[in-house]
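What follows is one structure encoded as structure tokens, with my remarks underneath.
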Amino acid sequence: MSSDPFRTLGLAPDLHLDRGELERRYVELSRASHPDHHALDADAARLSELLDRSAAINDAYRTLADRFRRAEALLELRAPGTLDAHKQLDPDFLLAAMELAERVATVGDAGRTALAAEVDALLDADFAAIAAALDAGDHGGAATRLHQSRYHRKARSDLRSGDSR
Amino acid sequence: MTHPADPDSSPRDATQKRADEPARGARVVLGIDLGTTNSLAAIVGRKGARVLRAADGAALVPSVVSFDNDGSLVVGSAAKARALDAPDRTVYSVKRLIGRSGAELRDEARRLAYPVVEGERGLARIRIDDRDWSPEEISARILMHVRDIAAGALGREVSDVVVTVPAYFDDAQRQATRHAAELAGLNCLRIVNEPTAASLAFGIDGTRDGTVLVYDLGGGTFDVSILRIADGVFRVLATAGDTHLGGDDFDALIARDLLEHLGHDAGDVVDPYVRQAIRKSAEGLKVQLSTADSAELSVDTGGAERRFSITRARFEELIAPLVERTIDCCRSALRDAGIATAELDAVVLVGGSTRIPLVRRSVVELTGQQPQEGVDPDLAVALGAAIQADVLTGGNRAVLLLDVVPLSLGIETMGGVVSKLILRNATIPTSVTEEFSTQVDNQTAVDINIYQGERERVADCRKLGAFRLRGIPPMPAGLPRIAVTFLVDADGVLRVRAREQRTGIEASIQVVPSFGLTTDEVNRMMRESIEHAIDDMHEREAIELRNKAQAMVRGTRAALDLADLPPDQTWTIRKAAQRVATLLAANGSTDALRAAVDELSKRTAQVADDVVGAAVRKALAAERPAALPPTEDAR
Ligand SMILES: Nc1ncnc2c1ncn2[C@@H]1O[C@H](COP(=O)(O)OP(=O)(O)O)[C@@H](O)[C@H]1O
Ligand SMILES: [Mg+2]
């Protein structure tokens with residue numbers, strides 16, 4: 001991500017930001033720049049600017065509302081390029097991730113809730129480790145764990161789309 | 001749920017402020033619900049949103065356009081009245097065709113009574129005599145008719161509108177709707193999603209804060225949206241739907257049963273007259289079954305009379321799979337929104353097909369709660385569009401609508417895979433910038449294919465169009481860095497921009513839509529529509545005449561009640577008025593109506609003085625005691 005979502009929303013870069021404050025800032029800024037509120041009083045150039053600004057606000061909110069994407073944004077801010085530099089993951093981890101994906105793909109209705117809880121626990125552990133690494137200034141460690149967490153996030157979302165019936 | 005810190009921004013405060021606000025400027029913006037079956041317009045006046053009705057009091061305008069043999073056309077109830085007599089020249093449910101290709105519509109077209117052909121680039125066209133009409137042009141006619149009715153009700157011209165579309169309309173269908181407005185000579189300030197509009201109508205009073213599910217099942221489309229309403233902010237959390245599922249499909253299922261009963265296969269019926277009659281009968285049976293346990297019909301099959309009866313149970317059995325599909329959509333929207341059914345504070349039903357008991361039951365079963373009363377399923381969308389129009393014109397700053405893009409957008413990458421740039425349910429406006437480069441030395445143009453849909457492979461998504469990036473400065477392969485920005489605007493429509501990063505050159509983009517009109521085509525159709533402006537003038541005159549006729553009938557009757565005319569005079573005037581009323585009800589030819597109106601004016605003119613004189617005398621007589629001066633003091 002090239003721009004800084006914290007700055008877009010006027011918030012201090014903090015992994016543990018206050019959700020209420022995030023919502024408040026988001027609505028306040030949206031009210032100010034949403035094209036709907038300027039449909040008649042702005043010219044084409046200004047409208048296009050407002051459109052970009054609104055899009056930036058929406059995109060920043062979406063990033064910051066998700067704890068993992070928030071951590072990614074924070075890491076990019078503190079140590080640009082670290083995320084890209086740590087894409088290589090441990091083969092043992094990849095093997096475990098593949099097994100997990102397999103279990104998600106084949107789980108029946110009976111086991112789904114238990115598996116979801118298991119994945120949730122993995123995600124919580126990931127987040128705790130990322131937060132600790134960021135606190136300790138271990139940017140490489142945070143980056144690696146963020147990459148790992150993507151597999152768990154994918155598993156979680158696959159489980160969710162599976163429970164439609 | 002959180003609230004903005006500033007109490008001034010709550011809608012209730014705003015309403016209070018509004019009462020003492022100076023009179024608003026002259027800008028009038030209509031909210032138009034352009035439905036598959038019915039369309040209508042609404043506006044926000046001093047006392048809130050209200051529907052604009054035709055002179056006869058009808059709110060719903062049938063979304064039907066019928067062509068006469070002489071090339072002229074009628075729209076609305078007059079067109080619907082011609083459906084049985086001129087089935088192959090009467091176009092209905094055109095919204096099901098808009099923004100789609102002929103190939104996609106092959107099955108659909110077989111059911112329609114009017115001819116659908118494949119035109120340029122395989123797009124669906126409606127063939128009337130030797131002229132092919134795009135769905136956009138037909139929709140434009142409907143919009144113009146609705147505009148004229150609104151203008152009649154308001155007593156002034158209007159050209160600014162907000163038009164609604166199903167939330168699940170993709171980019172092509174939205175663009176096509178925009179083009180329809182353009183062809184109608186309207187300035188479309190915003191495209192609003194129908195369920196979102198309905199939620200505005202529901203939640204505008206500020207007492208409905210919470211999480212709401214809006215279920216909208218009309219004639220041709222189904223939408224479900226999950227929204228959170230808080231302090232004037234209407235935030236769509238997720239939306240899902242099916243742009244080819246609605247009451248029309250239920251009619252088709254009954255029609256199949258009916259044809260089977262008569263010993264036919266639905267596929268064999270080619271005669272448009274029969275198709276139209278069957279369709280109409282099927283719809284009639286369906287509507288009866290919303291309140292009755294069974295419905296019956298007698299069919300005259302050339303001499304022999306055959307009876308067909310259908311029970312509600314059979315009807316429910318027929319439509320159950322379709323209703324189940326809507327419920328699946330609800331589940332997936334809830335899942336995408338991260339909302340459990342127990343967290344829903346309200347369920348709002350919109351669209352004529354939500355009057356079907358099985359539909360209501362299924363929604364109640366899913367959500368565990370009764371739908372909200374007090375939301376008119378026919379009017380809510382138009383009222384909401386009017387509220388949004390009011391927001392756009394600055395009449396209501398307290399409301400903020402945050403809608404989403406219904407389907408993911410992406411581009412084709414290696415191996416026929418779609419790489420998603422914008423994910424479904426992202427709040428709009430939203431943008432993503434991607435960098436592209438060249439594959440060969442000195443390449444000055446790049447082709448990019450845009451897709452919309454949830455599946456991985458291009459073959460399973462809808463291709464919105466392709467664009468060519470030109471004007472890339474000649475450089476070794478891989479060196480140019482072209483940043484392409486995909487921006488979905490507040491209408492949910494994709495805009496693409498590109499820029500070569502090293503040179504700062506704005507690369508030019510020419511998008512060729514797969515399913516819609518090109519700019520040149522829109523311009524050509526605009527020109528053609530000017531040629532048709534003469535017809536439009538006739539149509540406008542017809543509307544004015546009807547309005548005048550209506551007023552005269554009412555006025556004459558009221559005057560006759562007051563006046564003391566000799567019986568024979570009363571009788572001739574009553575007869576003339578009755579003739580006008582009959583012609584109005586029959587929606588017949590304009591010329592006949594004009595003659596009758598002239599006749600009535602003549603009759604009343606002869607006795608106008610008498611009528612007025614008598615009426616005034618009578619009215620004065622009634623007033624006399626109060627009008628008398630108190631005593632003789634004045635002498
Ligand atoms: N009482 C009823 N019972 C069943 N279906 C109905 C009833 N009233 C209207 N409909 C159906 O509702 C559909 C039209 O709904 P509407 O919301 O006006 O549609 P649209 O939004 O597509 O224009 C038609 O298919 C019509 O047959
Ligand atoms: Mg509708």
Side-chain angles (χ1 to χ4, degrees), chain A residues 1-3 5 8-10 17-42 44 47-66 69 112-113 116 153-154 156-165, chain B residues 1-6 9 25 27 29 160 162 189-190 192 230-233 235 327-332 334-336 338 388-389 391-405 422-423 425-433 435 454 483 485-491 495 497:
Chain A
M1 176 147 319
S2 54
S3 59
T8 303
L9 292 184
L17 54 75
D18 176 4
R19 273 309 288 253
E21 181 63 17
L22 173 64
E23 296 286 327
R24 257 191 308 279
R25 294 294 298 161
Y26 173 53
V27 167
E28 202 177 291
L29 291 170
S30 293
R31 275 190 197 283
S33 17
H34 200 282
D36 279 2
H37 288 178
H38 303 274
L40 300 181
D41 62 15
L47 269 182
S48 152
E49 200 182 299
L50 286 167
L51 199 57
D52 287 340
R53 170 110 191 99
S54 275
I57 292 166
N58 283 328
D59 300 342
Y61 172 78
R62 199 165 33 249
T63 301
L64 296 191
D66 178 306
R69 296 189 56 193
R112 190 177 301 274
T113 316
R153 283 186 262 165
K154 171 88 165 58
R156 192 67 189 84
S157 101
D158 288 351
L159 277 171
R160 210 169 285 135
S161 37
D163 56 28
S164 67
R165 301 196 157 255
Chain B
M1 216 171 298
T2 53
H3 304 276
D6 177 11
S9 56
R27 191 97 180 212
V29 183
D160 293 325
V162 165
L189 295 177
R190 171 74 75 250
V192 183
D231 290 313
V233 181
R235 197 196 295 189
I327 298 299
D328 279 344
C329 283
C330 294
R331 290 200 189 96
S332 89
L334 284 163
R335 193 171 58 232
D336 282 355
Q388 175 66 350
V391 173
L392 291 170
T393 49
N396 191 345
R397 291 237 163 205
V399 168
L400 175 67
L401 211 74
L402 297 168
D403 218 316
V404 301
V405 53
I422 291 171
L423 294 181
N425 292 323
T427 303
I428 52 175
T430 184
S431 73
V432 166
T433 300
E435 265 190 21
E454 304 315 313
T485 302
F486 294 81
L487 179 126
V488 179
D489 66 17
D491 290 333
R495 304 186 191 185
R497 284 185 303 219

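Treat the numbers as computed from the prediction; the structure is a model and nothing was measured.
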Region of B/L334 in contact with chain A, defined by heavy-atom distances below 4.5 Å
neither

dist B/I428:CD1 -> A/N58:CG (nearest 0.5 Å) comes out at 9.0 Å

Given A/L50, A/D59, A/L51, A/I57, the one that forms side chain to side chain contact (heavy atoms under 4.5 Å, CB included) with B/P429:
A/L51

Among B/L402, B/V391, B/D489, which residue forms the greatest number of heavy-atom pairs with chain A at distances under 4.5 Å?
B/L402

When every non-hydrogen atom of A/H34 is compared with those of B/A490, the smallest separation belongs to CE1-CB, 4.3 Å

Checking heavy atoms, do the side chain of A/H37, its backbone, both or neither come under 4.5 Å from chain B?
both

Considering all heavy atoms, the nearest B/R497-A/D52 contact
NH2-OD1, 2.9 Å

With heavy-atom distances below 4.5 Å as the criterion, would you say the side chains of B/R235 and A/V27 are in contact?
yes

Under a 4.5 Å heavy-atom cut-off, does chain A meet the side chain of B/L487, its backbone, both or neither?
side chain

Contact origin within A/S33 toward chain B - heavy atom pairs under 4.5 Å:
neither

Nearest 0.5 Å, what's the OG-CG distance between A/S30 and B/L401?
11.5 Å

Where do B/V233 and A/Y26 land on the side-chain contact (heavy atoms from CB on, under 4.5 Å) test, with the steps shown first?
CA-CA 11 Å; B/V233 181; A/Y26 173 53; over 6 Å; no

Could you check whether any side-chain heavy atom of A/R62 comes within less than 4.5 Å of a side-chain heavy atom of B/L423, counting everything from C-beta outward?
no

Are any of the side-chain nitrogens in A/R31 or B/D231 under 4.0 Å away from the carboxylate oxygens of its partner?
no

